[in-house]
Amino acid sequence: MSRTLIAAIKSPLTTGPMAVRGFPRLIAGQFTSSLGDLCSAIALPWLMLSVSGGPVLLGSVLACYGISRAVATPIGGVLTDRYGARPIMLSTDLVRCALTALLGVLAYAVTPSFAWLAPIALVLGACGGLFVPASFVLLPSFLPDADLTAGNSMSSAATRLGSLLGPALGGILISAFGPGPALFVDAATYLVSAATLYALAVPKAVTGQDREEEKAVTLRAVLFRGRFLQIVLVTAAVGNLVYTGVSEVALPALAHRDFGAGGYGTMLAGLSAGLIAGSLLARLEWQGLRSAYLLAILAVVMSLSVALVPFTGGLAGATVCITAFSVANGWSGIVLMTMLQLWAPRHLLARVMSVMLLAMSGTFPISAALSGWAVDRLGVSVLFPVAGCAIGVAILWAVAHPTFRNVNPGDRYTEEPEPVAGSAEPVG
């Protein structure tokens with residue numbers, strides 16, 4: 001193997017964000033934590049379904065978790081902007097470590113019941129809500145702007161790889177030893193994540209002049225006069241609406257009709273592998289190509305690939321299509337997130353990201369209900385072309401807007417003038 005080829009292989013592992021002190025350990029911690037999270041995601045339902053009335057108990061506990069997470073997400077944005085990302089992430093990791101270990105002990109000691117599972121779920125959900133906005137702010141707080149796309153790419157790939165391997169590890173542990181050990185593994189991974197955060201280098205300082213200039217910008221101004229943010233919110237909401245419908249309703253319905261449980265597992269593997277590949281491809285730099293035009297290309301790939309899933313003649317073709325869709329989806333997500341991280345005023349970044357998260361998560365119940373209705377009334381084959389058209393139209397609509405089309409990673413929010421009284425200010 002030539003020295004040039006060896007250097008090309010080593011370069012992504014030794015340059016860019018990987019050369020920043022603490023970043024490799026942080027990526028390892030994120031991979032470990034996501035691995036544990038998915039172990040726990042298998043263990044907890046298994047634990048609750050093992051008792052009489054398990055499905056009702058499972059649904060009730062998950063509702064507690066989801067409600068507290070949704071309520072805590074905007075609070076997490078406020079706290080992160082005030083105290084910084086690392087303290088929030090570190091403290092929530094430690095709390096979740098203790099509570100998950102407690103779940104493991106209780107799994108051996110007492111019968112699962114709502115009385116003790118609900119309070120733990122409420123606190124775990126709140127910790128998750130506080131953690132996520134901070135996680136979007138951490139990398140911009142200590143990586144140079146030029147390395148942020150690559151940092152997001154590697155961070156997302158590590159997290160998704162852990163999510164892909166976690167269920168297999170959880171299944172092995174539960175089959176051999178029951179839910180308790182899987183919960184202890186999850187608790188240990190939170191401790192590993194906390195240790196990597198503790199060892200992270202102190203974020204770079206912002207000059208006093210920059211800080212004062214940024215503080216003059218309010219969240220209200222960014223939300224109501226930041227047209228770029230408004231367009232991203234609409235596009236992300238539509239994209240998540242489509243992704244939820246495809247992954248949570250259309251795929252299992254198609255597999256149940258045509259391919260069986262094994263086929264469903266194959267397509268899910270393609271979906272996960274595609275997200276990892278898309279995250280890694282997002283690191284590539286395309287000289288002379290605006291981000292908006294790259295997103296337009298990816299939109300076409302997503303539209304065509306998801307629309308063709310049920311019409312390719314078999315499992316192999318359907319898996320290729322869903323993998324291609326997932327690659328483009330993962331890639332476009334990193335591009336959009338990086339653009340938004342660099343565009344938003346630094347002192348408002350966590351709150352802006354929490355708004356983004358709420359806009360995306362709020363589409364889940366709507367998407368699930370609409371997709372279920374569409375499959376029941378129109379058939380599963382119809383849902384895929386409709387989803388393809390929706391995602392393509394949303395992104396191409398965004399690209400057609402000059403405010404979005406002319407923004408590239410590194411461009412910052414600039415204060416726009418107040419609209420003239422009595423005039424309508426366009427949003428899109």
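The structure displayed is predicted, hence computed values, not measured ones.
Summarising the geometry of A187 relative to C97, their closest heavy-atom pair is O-SG, 3.3 Å, with the distance given to 0.1 Å. In terms of heavy atoms, G128 sits closest to R96 at CA-NH1, 4.0 Å. Considering all non-hydrogen atoms of both residues, V246 and A387 come closest at CG2-CB, 3.8 Å. Taking both residues in full, the closest heavy atoms of A43 and A182 are given as CB-CB, 3.7 Å, listed atom of the first, atom of the second, then distance. Nearest heavy atoms, M356 versus V232: CE-CG1, 3.6 Å. S40 approaches P45 most closely through the heavy-atom pair O-CD, 4.1 Å.
Put simply, the side chain of S153 never gets that close to the backbone of T149: no donor and acceptor are under 3.5 Å apart. Judged purely by atom type and a 3.5 angstrom limit, S354 has no side-chain atom pairing as donor or acceptor with the backbone of P74. In this structure, the side chain of S33 does not engage the main chain of G29 through any donor-acceptor pair within 3.5 Å. In terms of modelled atom types and a separation under 3.5 Å, the side chain of S332 and the main chain of L298 share no donor-acceptor contact. Under the 3.5 Å distance criterion, the side-chain polar atoms of T196 are left unmatched by any main-chain donor or acceptor of L26. Between the N406 side chain and the P402 main chain, a donor and an acceptor come within less than 3.5 Å of each other. Here the side chain of R227 pairs no donor or acceptor atom with the backbone of T403 at under 3.5 angstrom. Looking at R346, its side chain does come within 3.5 Å of a backbone N or O of P140 through a donor-acceptor pair. Remark: side-chain polar atoms of H256 are not paired, donor with acceptor, to backbone N or O of Y264 under 3.5 angstrom. With hydrogens and angles ignored, the 3.5 Å screen pairs a side-chain donor or acceptor of T338 with a backbone N or O of I334.
T80 is not listed as a side-chain neighbour of F136, based on a closest heavy-atom distance of 4.5 Å or more. Side-chain contact between Y413 and F228 is absent, with no heavy-atom pair separated by less than 4.5 Å. Contact annotation: the side chain of R21 never approaches that of L200 to less than 4.5 Å [non-hydrogen atoms, C-beta and beyond]. Side chains of V309 and L254 form a contact here, defined as non-hydrogen atoms less than 4.5 Å apart. Inter-residue side-chain proximity for L271 and T323 is flagged as unmet; no heavy-atom pair is nearer than 4.5 Å. Contact annotation: the side chain of L280 never approaches that of W331 to less than 4.5 Å [non-hydrogen atoms, C-beta and beyond]. T189 is listed as a side-chain neighbour of D186, based on a closest heavy-atom distance under 4.5 Å. Within the 4.5 Å cutoff, the side chain of F131 has no heavy atoms near those of the I88 side chain.
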- Item | CA sep, side-chain torsions, deciding dist, call: F23, L139, side-chain contact (heavy atoms from CB on, under 4.5 Å) | CA-CA 9 Å; F23 181 79; L139 293 187; 3.8 Å; yes
If you apply the rule side-chain hydrogen bond (donor to acceptor under 3.5 Å, both in side chains), what do you find for S156 with S279, and how did you get there? CA-CA 6 Å; S156 178; S279 297; 3.0 Å; yes
Exercise. List the steps, then state whether side-chain contact (heavy atoms from CB on, under 4.5 Å) holds for T266 with F259.
Key: CA-CA 10 Å; T266 299; F259 307 129; over 6 Å; no
Applying side-chain contact (heavy atoms from CB on, under 4.5 Å) to Q341 and N152, what does each step give before you reach the verdict? CA-CA 10 Å; Q341 285 173 324; N152 282 327; 2.7 Å; yes
Quick one, V320 with T312, criterion side-chain contact (heavy atoms from CB on, under 4.5 Å). Give me CA distance, side-chain angles, the key distance, then yes/no. CA-CA 9 Å; V320 168; T312 52; over 6 Å; no
How far apart are the C-alpha atoms of Q30 and S155, what are their side-chain angles, what is the distance that settles it, and do they pass the side-chain hydrogen bond (donor to acceptor under 3.5 Å, both in side chains) test?
-> CA-CA 7 Å; Q30 291 178 328; S155 173; 2.7 Å; yes
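Figure legend: cation-pi geometry between R290 and Y293 absent, as NZ or CZ is not positioned both under 6.0 Å from the six-membered ring centre and within 45° of its axis. A cation-pi arrangement, defined by a distance under 6.0 Å to the six-membered ring centre and an angle within 45 degrees of its axis, is absent between R160 and F31.
Between N240 atom CG and N329 atom CG the span is 9.0 Å, to the nearest 0.5 Å. In this structure, the separation between CG on L164 and OG1 on T159 is 12.5 Å, given to the nearest 0.5 Å. Considering CG of L165 and OG of S34, their distance stands at 8.5 Å, rounded to 0.5 Å. The structure places OG1 of T32 at 13.0 Å from CZ of R25, a figure rounded to the nearest 0.5 Å. L117 contributes atom CG, which lies 5.5 Å from atom CG of L57 (distance to the nearest 0.5 angstrom).
The local environment of CZ in F311 is crowded, with over 12 non-hydrogen atoms from other residues, nucleotides or ligands closer than 6.0 Å. In W46, the CH2 atom is not crowded: 12 or fewer heavy atoms of neighbouring residues, nucleotides or ligands sit closer than 6.0 Å. Within 6.0 Å of CZ on R257 lie more than 12 heavy atoms contributed by other residues, nucleotides or ligands.
In summary, of the residues considered (D93, T100, D37), a side chain to side chain donor-acceptor pair (under 3.5 Å) with Y190 occurs for D37 alone.
Taking 4.0 Å as the cut-off between side-chain N and carboxylate O, R412 and D145 count as a salt-bridged pair.
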